[in-house]
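Counting from 1, the numbers follow the sequence of the chain as shown. Values reported hereafter were calculated over all heavy atoms of this structure, with side chains retained and with hydrogens, waters and symmetry mates removed. Each ligand, and each atom within it, is numbered from 1 in the order the structure gives.
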Amino acid sequence: MLTTTNELGYYEIRLESIGGLGANVAGKILAEAGVIGSGLNALNFASYGSEKKGSPVKSYIRFAPKEKQIRINSPVVQPHLVAIFHENMVNTNPVTQGLRKDGIVILNTSKSVDEARDFLKLASGTVATVDAIRIALEVKTRINMVMLGAIVRMLGFISLDSVKEVIKQTFEKKYPQTIASNLAGLEAGYNQVESKFFEYDGKYQYVEYQEERRPMGYKNAPIGGTIVEYANTITKNNMTSRIGKIPVFVKEKCINCGLCETTCPDYVFVWDRIIENGKPKMINMGLDYQYCKGCLRCVDICPAGALVEGIEREYDIEKISAKHDFDIYEKWYEDGEKR
Ligand code: SF4
Ligand code: SF4
């Protein structure tokens with residue numbers, strides 16, 4: 001039963017995620033379970049930019065008592081609950097904006113609730129944490145199932161059994177082999193989420209919702225719609241696309257064949273040019289993890305075992321990252337004759 005609603009009579013949820021983590025499916029399952037198993041009215045829809053894996057995605061869910069119809073389908077700007085599917089989003093997106101003063105924020109992280117509150121800079125409300133990446137890897141499910149379990153626990157008014165039923169119905173036709181692991185992930189998220197309420201203590205300030213405005217429109221877009229700035233990919237950051245795994249470079253095994261370079265869609269590998277026996281030679285220096293989205297294609301292609309699959313949080317990414325030195329590339333370019 002709904003005990004908290006806004007002035008319009010709705011309980012509102014916003015899932016903050018990136019393409020590929022399954023927030024859209026999680027939102028659908030949650031809304032359906034609310035209708036089927038908890039006697040509520042519900043509405044769900046998602047918004048995303050390009051369909052590319054790794055771009056920001058928001059999924060919105062509104063619940064209302066059975067006797068009240070839901071007549072609006074605009075984005076949720078003052079959510080009662082926000083669930084953040086990837087902690088790397090916190091630094092790049094205003095994920096908690098508009099959250100109600102007594103709202104709930106659920107973060108996928110291995111941090112404690114106190115650490116998470118500081119990380120989120122949350123003024124007040126309930127902080128809940130669940131290590132969804134670890135659980136998903138352990139039980140071989142997706143992050144969305146673990147987050148769904150944590151959300152159901154924190155909501156308190158959606159029956160876990162009805163969510164299980166909807167999961168079975170959703171996957172039984174196309175992916176029946178995933179049902180058992182999805183249910184295990186759901187239950188683990190439900191059982192392992194931890195939470196704590198924080199009173200307002202002046203440490204952090206509330207973040208109002210601000211409508212996103214694009215910096216370029218029809219009035220100021222560059223001619224032909226092309227962004228002409230040199231090397232605009234320097235600012236690209238693919239770290240939010242990774243879901244727990246990274247390729248790890250074992251330099252001693254590398255034979256500098258270049259297969260990883262031609263396979264990687266994001267130019268992650270850093271190369272240096274040396275002179276060997278009077279001839280120039282390119283050698284692989286490793287990965288610049290800023291650009292790596294964790295697809296692991298390079299691990300599959302490497303013929304020498306010089307790239308192996310690793311769990312991201314077991315490494316200090318800054319330490320193992322080989323940074324592109326764009327000045328050197330510039331020099332090589334100018335110095336073309338000697339290449
Ligand atoms: S594919 Fe493997 S051996 Fe070849 S350059 Fe890349 S890391 Fe080295
Ligand atoms: S996992 Fe490998 S192929 Fe995929 S983006 Fe990262 S470096 Fe490139």
Would you please test Lys245 and Glu312 for salt bridge (Lys or Arg N to Asp or Glu O under 4.0 Å) and show each step? CA-CA 5 Å; Lys245 292 186 179 171; Glu312 178 165 3; over 6 Å; no
In Leu81, Leu120, Val82, Val207, the residue satisfying side-chain contact (heavy atoms from CB on, under 4.5 Å) with Leu99 is Val82
Exactly one of Thr178, Val25, Asn182 clears side-chain contact (heavy atoms from CB on, under 4.5 Å) with Ile167, and that residue is Asn182
Within ligand 2, which atoms have a heavy atom of [X] less than 4.0 Å away?
X      : result
Cys298 : 1 (S), 2 (Fe), 3 (S), 7 (S)
Pro247 : 1 (S), 2 (Fe)
Cys264 : 3 (S), 5 (S), 7 (S), 8 (Fe)
Gly294 : 1 (S), 6 (Fe)

Of all the non-hydrogen atoms in the protein, which one sits nearest to [atom], and at what distance?
atom                    : answer
atom 3 (S) of ligand 1  : Ile255 N, 3.4 Å
atom 2 (Fe) of ligand 1 : Cys302 SG, 2.4 Å
atom 5 (S) of ligand 2  : Lys293 N, 3.5 Å
atom 4 (Fe) of ligand 1 : Cys257 SG, 2.3 Å
atom 8 (Fe) of ligand 1 : Cys254 SG, 2.4 Å

Presence of salt bridge, Glu32 and Lys28, under 4.0 angstrom: no
| message | Can you tell whether the side chains of Asp118 and Lys111 come within less than 4.0 Å, N to carboxylate O? | response | no
Could you tell me if the ring centre of Tyr291 sits under 6.0 Å from that of His324? yes
For [X], atoms of ligand 1 separated by under 4.0 Å from a heavy atom:
X      : result
Pro303 : 1 (S)
Cys260 : 1 (S), 5 (S), 6 (Fe), 7 (S)
Phe249 : 7 (S)

Atom 7 (S) of ligand 2: of Asp300, Leu307, Leu287, Ile301, the nearest heavy atom sits on Leu287
Does Leu296 have a non-hydrogen atom less than 4.0 Å from ligand 2?
yes
**Request:** Work out whether the distance between some heavy atom of Phe269 and some atom of ligand 2 is less than 4.0 Å.
**Result:** yes
Between Tyr206 and Lys101, is there a cation-pi geometry (under 6.0 Å to ring centre, at most 45° from the normal)? yes
Practice problem: Classify the angle between the aromatic ring planes of His80 and Tyr11 as parallel (below 30°), tilted (30 to 60°) or perpendicular (above 60°). | Solution: parallel
So, the side chain of Arg242 versus the backbone of Cys292: is there a donor-acceptor pair under 3.5 Å, distance only?
yes
Q) For the side chain of Ser159 and the backbone of Ser162, is there at least one donor-acceptor N/O pair under 3.5 Å apart? A) yes
Any heavy atom of Cys292 under 4.0 Å from ligand 2? The part involved is both
Honestly, for Val299 the part within reach of ligand 2 (heavy atoms, under 4.0 Å) is neither
Item checked: Met147 vs Asn108, side chain to side chain contact (heavy atoms under 4.5 Å, CB included): CA-CA, chis, key distance, verdict -> CA-CA 7 Å; Met147 291 301 287; Asn108 167 15; 3.8 Å; yes
